[in-house]
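Report on the structure given below.
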Amino acid sequence: LRPREKRALVPQVVLHAPHPRAKPVTHSKTVAIVQARHSASRFPGKVLTKVGGRTLLAWLIGQLQKATRIDQVVLATTGSPLDDQIASSARELGLTVYRGSEHDVLDRYYRAAEQACATTVVRVTADCPLLDPAVVDLVVEEFFKHPCDYAANTAPPPGKFPDGMDVEVFSMAALRQIWEEARAGDEREHVTFALWQNPGRFRIHQVDWEQDWSDVRATVDYPEDLEA
């Protein structure tokens, strides 16, 4: 297991203007939002790296499209020209794409969810190409089964699921609240920190598992992770 590296945090000043294309939500809609960008510090361009003739992004989207509890899959990337190819590839895979801030990931995520008219948001990251759709469905089901604002299988740590099976589910109302209130740099860069680190303010449910598989890595953080 490799320890996760700390990334430099860039505080941002955010103007919370409503998205001009947002439409009123009149029904329940569960939207999975995949966050991806080219400039990953440990493995730049990894989401478009091909394995078995398909990009890692394509593998992940294929897995998400097998989940039965998701109504739509959206890609949230940055407005940087470096991410033009990621946006183009996502559209070719049939995804709606939202492009926003590179450093204020919370703002990018919120606006992507707002544009999609989501009422429930499923957060996954593009470095988990082997994400099991059954795990996605399980966490979504647990979210609706329990009276909570946030449900996840790997946060708050420690969890029992393999690294790379990370699924977080939260209400649009909770996302809107942290988007409006979060000011610290880490709360703007890491989408859900302000949720699961505040159990006194939000109702948190951690999805448990009988066996502890947390020592298994099924994620891509480094080029060596692609070696078998």
For Gln85, what residues pass the side chain to side chain donor-acceptor pair (under 3.5 Å) criterion, not counting sequence neighbours?
none

Please enumerate all residues that pass salt bridge (charged side-chain N to carboxylate O under 4.0 Å, His left out) together with Asp71, with sequence neighbours excluded.
none

Mind listing the closest non-hydrogen atom pair of Ala112 and Tyr98 along with its distance?
CB-CB, 3.7 Å

Same apolar cluster: Leu82 and Val47, side chain cutoff 4.5 Å
no

For a 4.5 angstrom cut-off between non-hydrogen side-chain atoms, does Val73 reach Val34?
yes

Tell me every residue that passes side chain to side chain contact (heavy atoms under 4.5 Å, CB included) with Thr78, counting only those two or more places apart in sequence or in another chain.
Arg37, Ser80, Asp83, Glu102, Arg108

So, using salt bridge (charged side-chain N to carboxylate O under 4.0 Å, His left out) as the criterion, who are the partners of Arg54 when residues are at least two apart?
none

Check whether any side-chain N or O of Arg188 sits under 3.5 Å from a backbone N or O of Trp179 as a donor-acceptor pair, and report yes or no.
yes

When rounded to the nearest 0.5 angstrom, what distance separates CZ in Arg99 from CG in Leu75?
9.5 Å

Would you check if Ser214 and Asp163 make a side-chain contact, meaning some heavy-atom pair closer than 4.5 Å?
no

Side chain to side chain contact (heavy atoms under 4.5 Å, CB included) evaluation trace for Thr154 with Trp196
CA-CA 11 Å; Thr154 55; Trp196 60 263; over 6 Å; no

Sequence neighbours excluded - salt bridge (charged side-chain N to carboxylate O under 4.0 Å, His left out) pairs with any residue from residues 144-154
Glu142-Lys145, Asp149-Arg203

Can you check whether Ser89 reaches Leu48 side chain to side chain, under 4.5 Å on heavy atoms?
yes

Take Val31 and Val122, measure what side chain to side chain contact (heavy atoms under 4.5 Å, CB included) needs, and give me the verdict at the end.
CA-CA 6 Å; Val31 178; Val122 180; over 6 Å; no

Taking all non-hydrogen atoms of both residues, which atom of Val139 and which atom of Ala151 are closest, and how far apart?
CG1-O, 3.9 Å

Rounded at 0.5 Å granularity, tell me how far NZ in Lys50 sits from CG in Leu56.
11.5 Å

Determine the interplanar angle of the His190 and Phe193 rings, folded into 0 to 90°, and report it as parallel if under 30°, tilted if 30 to 60°, perpendicular if over 60°.
parallel

Asn198 and Ala194 have their tightest heavy-atom pair at ND2-O, 2.8 Å

Using the side chain to side chain contact (heavy atoms under 4.5 Å, CB included) rule, take Arg123 and Thr125 through it: C-alpha gap first, then chi angles, then the decisive distance, then the call.
CA-CA 7 Å; Arg123 178 176 180 259; Thr125 56; 4.0 Å; yes

By side chain to side chain contact (heavy atoms under 4.5 Å, CB included), which residues pair with Ala113, not counting sequence neighbours?
Ile33, Ala118, Val121, Met172, Leu175

So, do Ile178 and Leu195 sit near enough that their side-chain heavy atoms are less than 4.5 Å apart?
yes

Tell me every residue that passes side chain to side chain donor-acceptor pair (under 3.5 Å) with Thr30, counting only those two or more places apart in sequence or in another chain.
none

Are Leu95 and Val74 close enough that some pair of their side-chain heavy atoms sits under 4.5 Å apart?
no

Return the CG to CG distance between Leu131 and Asp166, rounded to the nearest 0.5 Å.
8.0 Å

Is Asn153 reaching over with its side chain to a backbone N or O of Val167, donor-acceptor style, under 3.5 angstrom?
yes

To the nearest 0.5 Å, atom OH of Tyr109 lies from atom CZ of Phe170 at 5.0 Å

For residues Asp104 and Glu189, determine if any side-chain heavy atom of one lies less than 4.5 Å from a side-chain heavy atom of the other.
no

Aromatic ring pairing His146/His205, orientation class (parallel under 30°, perpendicular over 60°, tilted between)
parallel

Chi angles and distances behind the side chain to side chain contact (heavy atoms under 4.5 Å, CB included) call for Arg69, Phe144
CA-CA 11 Å; Arg69 301 303 301 268; Phe144 285 111; 3.9 Å; yes

Partners meeting side chain to side chain donor-acceptor pair (under 3.5 Å) with Arg201 (sequence neighbours left out):
Glu181

For residues Ala126 and Leu60, report the shortest heavy-atom separation together with the two atoms involved.
CA-CD2, 3.6 Å

Quick one: list whatever passes side chain to side chain contact (heavy atoms under 4.5 Å, CB included) with Gln63, sequence neighbours left out.
Lys66, Pro133

In terms of side-chain heavy atoms, does Thr68 have a donor or acceptor partner in Asp137 at a distance below 3.5 Å?
yes

Partner residues of Tyr150 under the side chain to side chain donor-acceptor pair (under 3.5 Å) criterion, sequence neighbours left out
Glu168

Not counting sequence neighbours, which residues clear salt bridge (charged side-chain N to carboxylate O under 4.0 Å, His left out) with Lys160? List them please.
Asp208

Asp132 side chain near Val136 side chain, heavy-atom distance below 4.5 Å
no

What closest approach, in Å, do Gly159 and Asp212 show between heavy atoms, and which atom pair accounts for it?
O-OD1, 4.0 Å

Nearest 0.5 Å please: distance from the CZ atom of Phe202 over to the OG atom of Ser171.
8.0 Å

Arg217 CZ to Leu130 CG distance, which is reported to the nearest 0.5 Å:
11.5 Å

For Phe161, what residues pass the ring pair (Phe, Tyr, Trp, His ring centres under 6.0 Å) criterion, not counting sequence neighbours?
Trp209

Distance alone, cut at 3.5 Å: any donor-acceptor contact between the side chains of Thr77 and Gln35?
no

Can you name the closest pair of heavy atoms from Ile70 and Ala32 and give their distance?
CD1-CB, 3.6 Å

